[in-house]
Novice: 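The structure that follows is given in the form of structure tokens.
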Number of protein chains: 2
Amino acid sequence: MRPAPLPSDHSPLVRKLESIFPLDDHERQALLDLPMQVAAFKEGQDVVREGDRPSRSFVILSGFTCTYKMTGDGKRQIVTFGVAGDMPDLQSLHLKVLDISVATLTPCSVGFIQHEDLWNLCLRQPRIAAAFWRETLVEGAAFREWVVNVGRREAYPRMAHILCELLVRLRAVGLAEDHTCDLPITQTEFADALGVTTVHVNRVLQQMRAEGLIETKGSRLNIPDWERLKAIGDFDPTYLHLRRDEAVP
Amino acid sequence: MRPAPLPSDHSPLVRKLESIFPLDDHERQALLDLPMQVAAFKEGQDVVREGDRPSRSFVILSGFTCTYKMTGDGKRQIVTFGVAGDMPDLQSLHLKVLDISVATLTPCSVGFIQHEDLWNLCLRQPRIAAAFWRETLVEGAAFREWVVNVGRREAYPRMAHILCELLVRLRAVGLAEDHTCDLPITQTEFADALGVTTVHVNRVLQQMRAEGLIETKGSRLNIPDWERLKAIGDFDPTYLHLRRDEAVP
DNA sequence: CGTGCGCTTGATACAGGTCAACGCGTGTGG
DNA sequence: CCACACGCGTTGACCTGTATCAAGCGCACG
């Protein structure tokens, strides 16, 4: 007998959209009514793959993902991390063939939404269409900043910058306390995100710990001096286009 | 007396949108009817600047632009080049404050369109809204590939890749013959796009010329062996999401 | 006719890559 | 229940792509 469908939980989606776009009760309800098929993924699996032609997009309900591309000679570049509420392949609503793959970094629960349902909702509620559009634009802004980070900052500030971005994004969806969060990202994954080697990531992290910039135990990250990390990472959260500035007081 | 308003020419916009989205006569006409205020910019001017809160977006009608961000210590990273038909700040329709600046690389003619007019058109014609949304998504896809290029390819293939992208995009809007185009981009600008120094760009270009990969006279670029350039640049045009694959036969 | 910008070249320095090996914790199959 | 394999973090020695610095050249333009 087939497993019962997993219970759906739309709240990460709503929370995420509200972090960048104001919704009224009616709109919130419309989102909650979206048909969603929930699936569980183990760590290290591809949710979608470059070249796919999906008829649905997905929301991350829990867990962490990375969005990546492979080069011809087998190197991986991670272009963004996904956290609860993110829709890493929302673009496929308009772009038929996927130009990226999305893999889970941890066990994940994801909710699939048929393009048809999304499309109908957008036609009926232009403001929700605007919210989704805006969501993809914010994602685009983050890619631009990622280019700057990889192209123009050395490994040390580059790492600082990514840590800042992750903390702020996690805070925006309620997944981080003031200066602490769970960040289950391995050094290899950071390496592929920063465009450096694992060895170098290791040395950078050690130096950051030595200088009291960060504290880690297990996957727990703590940032003792947020202002200093921000300064070193040359981090300005404007590009995340959050409604409430989550720059952390 | 004030100068007469410049004559507007919507055709670059229509041509660009049609390269990624099928339009019918009615939709084409709706675009042609968009109120547009044309302005001429000299070379090296900012059209819009990071931090601006524009009430309009612009289409490049002629000329070349670059979209860039500055780091805290004054380094510039170009995140994309703009050619006729592109709308480098279309995102500002939904994101109030600009996270990028756009500068002209050559004298440019640009057409400003009020957000209000765009917004009305999108509400009346959902398919045109979809076309604009798609336009921003394609731009996002190009940023992702730019991250990969800067993060994971060495300077030589990185340059090859950018040249491939530019040729294909120019072809898509009718600004390039098969393997030749006008590319008025200085070595300094390439440096800021690739995340390397001008000196290094110079050496890379010389090597490419020496190996017969490219030929240049003035701003004229010719590519004698397209397949080889593509292979070296690890270039696959899928991410540009063109309707007709402009991969150049 | 100078002056500045874009291009070019050479010498030298360094951030980060490569290669190789080891420790440690954990899950697993014999 | 132990041995072993494997993933992740760590370390050291050495190498290289690219940066940095400095200078010269030619041409377009005021």
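Keep in mind that this is a model prediction, so the values were computed, not measured. Proteins get letters first, then strands, A, B, ... in listed order; numbering begins at 1 in each.
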Novice: Write down the distance between CG (A/Asp73) and P (C/dT18), rounded to a whole number of angstrom.
Specialist: 10 Å
Novice: Rounded off to whole Å, could you give me the CG-to-P distance for the B/Asp192 and D/dT18 pair?
Specialist: 16 Å
Novice: Working to the nearest 0.5 angstrom, can you tell me the gap between B/Leu167 CG and B/Glu177 CD?
Specialist: 9.5 Å
Novice: Given atom CE of B/Met208 and atom P of C/dC7, what is their separation to the nearest angstrom?
Specialist: 15 Å
Novice: How far apart are the C-alpha atoms of A/Gln206 and A/Asn202, what are their side-chain angles, what is the distance that settles it, and do they pass the side-chain hydrogen bond (donor to acceptor under 3.5 Å, both in side chains) test?
Specialist: CA-CA 6 Å; A/Gln206 279 182 66; A/Asn202 183 274; 2.3 Å; yes
Novice: Given side chain to side chain contact (heavy atoms under 4.5 Å, CB included), test B/Phe143 with B/Thr67 step by step and report yes or no.
Specialist: CA-CA 11 Å; B/Phe143 295 139; B/Thr67 302; 5.6 Å; no
Novice: Which part of the nucleic acid does A/Gly218 contact within heavy-atom distance under 4.0 Å: base, sugar-phosphate only, or nothing?
Specialist: nothing
Novice: Can you label the angle between the A/Trp226 ring and the A/Phe235 ring as parallel, tilted or perpendicular, going by 30° and 60°?
Specialist: perpendicular
Novice: Using modelled atom types and a 3.5 Å cut-off, is there a donor and acceptor pairing between side-chain atoms of A/Asp46 and backbone atoms of A/Val48?
Specialist: no
Novice: Mind calculating the distance between CZ (B/Arg152) and P (D/dG17) to the nearest angstrom?
Specialist: 16 Å
Novice: Please report, rounded to the nearest Å, how far the C1' atom of D/dC29 is from the NZ atom of B/Lys42.
Specialist: 15 Å
Novice: Whole-Å distance between D/dG17 P and A/Glu154 CD?
Specialist: 19 Å
Novice: In the 5'-to-3' direction, what one-character label does each nucleotide of nucleotides 5-12 of chain D receive under the scheme B = base within less than 4.0 Å of a protein heavy atom, S = sugar-phosphate only, - = no such atom?
Specialist: ----SBBB
Novice: Check the pair B/Asp99 / A/Thr238 against side-chain hydrogen bond (donor to acceptor under 3.5 Å, both in side chains), numbers first and verdict last.
Specialist: CA-CA 7 Å; B/Asp99 57 72; A/Thr238 308; over 6 Å; no
Novice: Quick one: A/His200 NE2 to C/dC14 P, roughly how many Å, whole number?
Specialist: 15 Å
Novice: To the nearest Å, give me how far apart CZ (B/Arg153) and C1' (D/dG17) are.
Specialist: 17 Å
